[in-house]
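The structure appears below as structure tokens.
Naming convention: chains lettered A, B, ... in sequence-line order (proteins, then strands); numbering from 1 in each chain.
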Number of protein chains: 2
Amino acid sequence: MIDKDEYRRKIVISAGRIFSRYGFRKTTMDEIAKALKMGKSSVYYYYESKEDIFEAVVLYEANILRNELTTAIKSVDSPLGKMKNYVFVRMRAFEKLSNYYNAIFDKNLDHFHFIEKIREKYDREELAILRLILYHGVRQKVFHVENTEYTAMAIQTTLKGLEVPLFWKKKEVDITNRLNAILDVLFYGIVIKN
Amino acid sequence: MIDKDEYRRKIVISAGRIFSRYGFRKTTMDEIAKALKMGKSSVYYYYESKEDIFEAVVLYEANILRNELTTAIKSVDSPLGKMKNYVFVRMRAFEKLSNYYNAIFDKNLDHFHFIEKIREKYDREELAILRLILYHGVRQKVFHVENTEYTAMAIQTTLKGLEVPLFWKKKEVDITNRLNAILDVLFYGIVIKN
DNA sequence: AGAATTTTCGACCGGTTTGTTCGACAAAAT
DNA sequence: ATTTTGTCGAACAAACCGGTCGAAAATTCT
């Protein structure tokens, strides 16, 4: 008896690579199968449909993102460093995921309820993390904020603003520079002036 | 009367972007047309077929590559620098073009005669450039080679070897490192020891 | 061993997509 | 006014694609 879960994991990883390259529509079941050296029908033994695989992939990637983000903020001590790392890792990740975006908002967008669910959940999680970073910053007298809740939401809004160009397929050239600029503005509006 | 050639150029550039992203098969005429804000049928007024557009794109890209390569070797004086620049630019370009590769060798590979033609022509041109670089190096007593002709061919073979992973879709991680290593080997086998 | 179950896969189906054509139509040129 | 140039919607045949089914392998169980 072959470990079914192990195989399902393999499929998710392999399919994820293809989805991220070509998007949902342009990825065919045949490709997914071929990449695994399987017959197309065999894949259906592990997943019920193409959308099922896609859902699993998004879930999987979301988990990876969560891990990357938490390790990113753990890897430094200073609140400034934490915030900087968080923003950078998040941005890099979304850049990588931009193909999913285009895939989802191609058509059939009503079919992908689960995306909204994941998004909602992650918005909440993100808010909590941002608030934590802010809170620590305030404690260490590095940040000055009236209300961590609202400030966290403001920062989150800014970060979401960075996603917009990914939607509209417009290639932002100097995303790193823009990020640094945003961080500068953010910090100098937040950091206590001595 | 609209400038037909100008329009054809626009089509080639726009279609080129899409081809390089999705490959030949996964790129649709509708996409090409939409990207130009045209009706699908209008595109056929300028080009006879999808393959025709593809051919024009490849030709166009090949020309760009040629220019990049010549300016790359002109931008430095030393034969070592020329060689280094040449190899780097060539490698970066082919990395970018790897999608075309996968597109072409998907299926129907018998349909794309013109690719072989271009390839042959460029092999000859490349050989000439390499020989020139070597020749200058020998003149300036920086290189030591018995026979520029054969040495140039040897170097070309090495460079082609670097292309192979692009064929097989295997992502080579540290292509820059490998390149540097190859250049090291190449130079230390060539440079006159003092 | 053979029976039972799990896993693979080729062949197929129906709906959709897609490259290409065609004729109608508008704009511009003659 | 008539011809030429350019655009486009509609239509079509062919290929494609997600998904099904049943029958072979392969594996496990008895």
Legend entry - Counterpart residues, side-chain contact (heavy atoms from CB on, under 4.5 Å), relative to A:R17 (two or more places apart): A:I13

Legend entry - Partners meeting side-chain contact (heavy atoms from CB on, under 4.5 Å) with B:V89 (sequence neighbours left out): B:E68, B:L69, B:A72, B:R92

Inset, instruction - Could you tell me whether the phosphate oxygens of D:dG6, OP1 or OP2, come under 4.0 Å of any side-chain nitrogen or oxygen in B:S42? - result: no

Inset, instruction - May I ask you to evaluate whether A:R25 reaches the phosphate of D:dC17, defined as a side-chain N or O under 4.0 Å from OP1 or OP2? - result: no

Inset, instruction - Output yes when A:K26 and B:E31 qualify as a salt bridge under the 4.0 Å nitrogen-oxygen rule, no when they do not. - result: yes

In whole Å, what is the span from the [atom1] atom of [X] to the [atom2] atom of [N]?
X     : N      : atom1 : atom2 : result
A:D5  : C:dT6  : CG    : C1'   : 15 Å
A:K4  : D:dT27 : NZ    : C1'   : 14 Å
B:D52 : C:dT21 : CG    : C1'   : 16 Å
B:Y7  : D:dC8  : OH    : C1'   : 14 Å
A:K50 : D:dC16 : NZ    : P     : 15 Å
A:Y47 : C:dT7  : OH    : C1'   : 16 Å
A:Y44 : D:dC21 : OH    : P     : 13 Å

Inset, instruction - Verify the distance criterion only: is there a donor paired with an acceptor across the side chains of A:R66 and A:Y122 at less than 3.5 Å? - result: yes

Legend entry - For B:Y150, the rest of its hydrophobic cluster, which grows through side-chain links under 4.5 angstrom: B:L127, B:M153

Inset, instruction - List in chain and number order the residues that pass salt bridge (charged side-chain N to carboxylate O under 4.0 Å, His left out) with B:K117, two or more places apart in sequence or in another chain; answer none if no residue qualifies. - result: none

Legend entry - DNA chain C-proximal residues of residues 28-41 of chain B, any heavy atom under 4.0 Å: B:T28, B:M29, B:K40, B:S41

Legend entry - Residue whose closest nucleotide on DNA chain C lies nearer the 5' end, B:T27 versus A:Y45: A:Y45

Inset, instruction - Would you mind classifying the nucleic acid contact of B:Y46 as base, sugar-phosphate or nothing, using non-hydrogen atoms under 4.0 angstrom? - result: sugar-phosphate

Legend entry - Test ring pair (Phe, Tyr, Trp, His ring centres under 6.0 Å) applied to B:Y7 - qualifying residues, sequence neighbours left out: B:Y46

